[in-house]
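Data block below; observations after.
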2 protein chains.
Amino acid sequence: MQSVERAFKILEALAVAPSGVSDMARRVNLPKSTVARLLATLEATNAVERGPDGLTYRVGSALRGIAASIDGSIGLVEMARPTLARLASLTDEAAGFAVAAGYQVHYLAQADSDRTVQVRDWSGELIPMHLVPSGLAILAQWPAEDIDGYVSRALEGRTPRSITGPDQLLARLADVRKAGHAWGREEFAEGINSVGAAIVDGTGRVLGAIHVHGPSYRFPVAGDDERVAGLVMDAAARLAAAAARLSG
Amino acid sequence: MQSVERAFKILEALAVAPSGVSDMARRVNLPKSTVARLLATLEATNAVERGPDGLTYRVGSALRGIAASIDGSIGLVEMARPTLARLASLTDEAAGFAVAAGYQVHYLAQADSDRTVQVRDWSGELIPMHLVPSGLAILAQWPAEDIDGYVSRALEGRTPRSITGPDQLLARLADVRKAGHAWGREEFAEGINSVGAAIVDGTGRVLGAIHVHGPSYRFPVAGDDERVAGLVMDAAARLAAAAARLSG
DNA sequence: GGGACTGTTCCACGATGTGGAACGTCGGGC
DNA sequence: GCCCGACGTTCCACATCGTGGAACAGTCCC
């Protein structure tokens, strides 16, 4: 794909030395207007930023965050693992990490509690977003038109407690936005409760979600909802901050 | 530009967690075949590479080198400055760094000698490539069809010693390829001699060129050609190696 | 003051990217 | 063992998106 290759050619040239539009056009042998458009797109993506004079372009800080994941211990899912372990320890239940995948959440990591009775590992599973707190927390961050797209389809129910009505879901999302987290009580599977919060970066982009779940007979302990929800939200905020530090 | 934005959307998702084609298509909400093509292009660019299973994609090492330039002391031109200073000291003449810009070289940095009689600073200047050793060293790395394009135009002469014939230039480039460096003796300006070598990465891509120049009445000292050329080639090779280390 | 250079914007057009579909392979569940 | 769903890859008709030339205003230097 030509335009993607050209974009990277420009980035590689900028890695050598910052440059203006006309000079860059000469350096990469492309017409000036093409280069100007590519640089504008790269700038909108934060892959490129302007220097202090406002005319010279240089590599942008968004690439620092992307490059930081090359060393396998630093991608967000890897960064999240110790956080999950700590959450599991603090709550004595399992903690998990998920990302949005279309209209589903894809569970990518889980840290289990030390207890004998555990909920199975959901890593690798794809679940409709409205059925689980991680999904609800992510959905609550979506623009209205994307949410409209989600509710325009039939909402699958898995248990008698599942949300299956669009109005019900919209009201729920409004609650989630207000609270900053979502509780799910046997809406996805009988016998499982959980609480989730979205990991949102400084620009409003949703990087993923973090949650704690456990058997509904013991989780959440009565009166412990707010403490657990607070721990989950703190963890999500700390991961968002760590990702921001990597991007510079 | 849609495809460039989509490419970065994929990179940002990969920064969170590695992914296969179908999962990535779900995560970024694009058709599978579009994602496959984008990933193929990104892979060809080394912005993305495959994991050990050959199916999962992750961020590629080329981005490490690009991102490393964000901290202004690490882009290649900045990395070259201490090398230029050392070269200037070792040769007691000025040393410079240039990149290709169309059919010209663009001088980006220079370290001067401590001598009273100096050659002016060429930083910022654009010079036809065939007139200066940096340009010849870069041209010598070009594929034949690109060289054909260069020689198909009239070759500007600046002094009586300038190369102005295509056959002459082609023969010269063959010499440069064999020697690994290029000497220029009053071909660009009366009274200036210089020697240059290209900075070539492991894939054959030319990152720039490095040179030493001085007044022709004293540079090069008789019998000193090989030592100076050796220093310039060593410096170019060291910069290429440093750039390779940054890319991982 | 004029010329060369810069960055930005516009526009006709065609080439490039698009997305659906087909297909073969693989793995998991029954 | 078989079937089905999921995967990645490839192809192709088509239209839209990217292309590059040109115009223009601003700046700087001689």
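Convention: sequence-line order gives letters A, B, ...; per-chain numbering from 1.
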Whole-Å distance between [N] [atom2] and [X] [atom1]?
{"X": "B:Asp23", "N": "D:dA6", "atom1": "CG", "atom2": "C1'", "value": "12 Å"}
{"X": "A:Ile10", "N": "D:dT19", "atom1": "CD1", "atom2": "C1'", "value": "14 Å"}
{"X": "A:Glu5", "N": "D:dG18", "atom1": "CD", "atom2": "C1'", "value": "14 Å"}
{"X": "A:Leu38", "N": "D:dG20", "atom1": "CG", "atom2": "C1'", "value": "12 Å"}
{"X": "A:Asp53", "N": "D:dG26", "atom1": "CG", "atom2": "P", "value": "19 Å"}
{"X": "A:Leu39", "N": "C:dG7", "atom1": "CG", "atom2": "C1'", "value": "11 Å"}
{"X": "A:Met1", "N": "D:dG18", "atom1": "CE", "atom2": "P", "value": "9 Å"}

With a 3.5 Å cut-off and just heavy-atom distances, do the side chain of [X] and the base of [N] make a donor-acceptor pair?
{"X": "B:Arg6", "N": "C:dG17", "value": "no"}
{"X": "A:Ser33", "N": "D:dG20", "value": "yes"}
{"X": "A:Lys32", "N": "C:dG7", "value": "yes"}

Discussion item. Nearest heavy atom decides the nucleotide; on that basis, is B:Thr34 or A:Ala36 closer to the 5' end of DNA chain C?
Written reply: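 Residue closer to the 5' terminus by nearest nucleotide: A:Ala36.
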
Discussion item. Need to verify one output field. Residue with the more 5' nearest nucleotide on DNA chain C, B:Pro31 or A:Arg50?
Written reply: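 Checking each residue's closest nucleotide, the 5'-ward one belongs to A:Arg50.
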
With distance as the sole test, does [X] use its side chain to make a donor-acceptor pair with the main-chain N or O of [Y] at under 3.5 Å?
{"X": "B:Glu43", "Y": "B:Glu49", "value": "no"}
{"X": "B:Thr41", "Y": "A:Met1", "value": "yes"}
{"X": "B:Ser19", "Y": "B:Met24", "value": "yes"}

Worksheet item: Does OP1 or OP2 of C:dG17 have a side-chain N or O of B:Gln2 closer than 4.0 Å?
Response: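 It does not, given that no N or O in the side chain of B:Gln2 lies less than 4.0 Å from OP1 or OP2 of C:dG17.
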
Worksheet item: Under 4.0 Å between a side-chain N or O of B:Arg37 and OP1 or OP2 of C:dT18?
Response: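 Checking B:Arg37 against C:dT18: at least one side-chain N or O falls below 4.0 Å of OP1 or OP2.
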
From the options [options], select the nucleotide whose nearest atom is closest to the side chain of [X].
{"X": "B:Arg26", "options": "D:dC7, C:dT6, D:dG18", "value": "D:dC7"}
{"X": "A:Ser22", "options": "C:dG19, C:dT6, D:dT9", "value": "C:dT6"}
{"X": "A:Ser3", "options": "D:dG8, C:dG7, D:dT19", "value": "D:dT19"}
{"X": "B:Val21", "options": "C:dG17, D:dT9, C:dT8", "value": "D:dT9"}

Discussion item. Once you apply a heavy-atom cut-off of 4.0 Å, does B:Leu30 come out as touching a base, just sugar-phosphate, or nothing?
Written reply: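 If one applies the 4.0 Å heavy-atom cut-off, B:Leu30 turns out to touch nothing in the nucleic acid.
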
Practice prompt. May I ask you to decide if the ring planes of A:Tyr150 and A:Tyr103 are parallel, tilted or perpendicular, using 30° and 60° as cut-offs?
Written response: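 Ring orientation, 0 to 90° scale: perpendicular.
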
Worksheet item: For B:Gln110 and B:Ser123, which heavy atoms make the closest approach, and how far apart are they?
Response: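 Smallest heavy-atom distance, with atoms named: N-OG, 3.6 Å.
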
